[in-house]
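In what follows, a single structure is set out as structure tokens and then discussed.
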Amino acid sequence: FRSQLKLAIRNEVARNPLISVVQLQNALKERGFKTANGNPLDWVYISKLVRKLNREKAIAVETEKASERSHHQGAVTAHG
């Protein structure tokens, strides 16, 4: 359930990068992500997941940049 929810959040944020948590709650409810009694998921829970996804994305970008830097430095020393 959680991985499907994270994917749904990523899709909604990709569609609208400035989406608010309330808009996200409603969009997720429309996609079938809701509490057992049919209410939208908790605001705090959704905002924590959004922050976690943003952190994961930032770490992935930083890791990619570090990899490119080390690859580039290796290329420079190989030619030097």
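- The minimum heavy-atom distance between Asn39 and Lys34, with the atom names listed, is O-CB, 3.1 Å.
- Judged by distance alone, with hydrogens and angles left aside, the side-chain atoms of Ser67 form no donor-acceptor pair with the main-chain N or O of Thr63 at under 3.5 Å.
- The CZ atom of Phe1 sits 12.5 Å away from atom NZ of Lys6, with the distance rounded to the nearest 0.5 Å.
- By the rule that hydrophobic residues join a cluster once side-chain heavy atoms approach within less than 4.5 Å of another member, Leu28 and Leu7 end up as members of separate clusters.
- There is no path of hydrophobic side-chain contacts, each under 4.5 Å, that joins Val13 to Val61.
- Counting heavy atoms from C-beta outward, Lys57 and Arg10 have side chains that stay 4.5 Å or more apart.
- To the nearest 0.5 Å, atoms CD1 (Ile46) and CG (Leu24) are separated by 5.5 Å.
- Note that the CZ atom of Arg2 and the CD1 atom of Ile9 stand 9.0 Å from one another [nearest 0.5 Å].
- Sorted by first then second residue, the salt bridge (Lys or Arg N to Asp or Glu O under 4.0 Å) pairs that include residues 12-27, not counting sequence neighbours, are Glu12-Arg15, Glu12-Arg31.
- With sequence neighbours excluded, the residues that form a side chain to side chain donor-acceptor pair (under 3.5 Å) with Thr35 are Asn37.
- If you take CG on Leu49 and CG on Asn54, they are separated by 11.0 Å, rounding to the nearest 0.5 Å.
- Both Val44 and Phe33 are members of a single hydrophobic cluster when ILVMFWY side chains are connected at heavy-atom separations under 4.5 Å.
- For the pair Gln25 and Val22, the minimum side-chain heavy-atom distance is below 4.5 Å.
- Of the charged side-chain nitrogens involved, at least one lies within less than 4.0 Å of a carboxylate oxygen, so that Glu62 and Arg69 count as a salt-bridged pair.
- With contacts defined as side-chain heavy-atom distances shorter than 4.5 Å, the pair Leu5/Leu41 qualifies.
- The heavy-atom pair separating Pro40 from Lys29 by the smallest distance is CG-CD, 3.9 Å.
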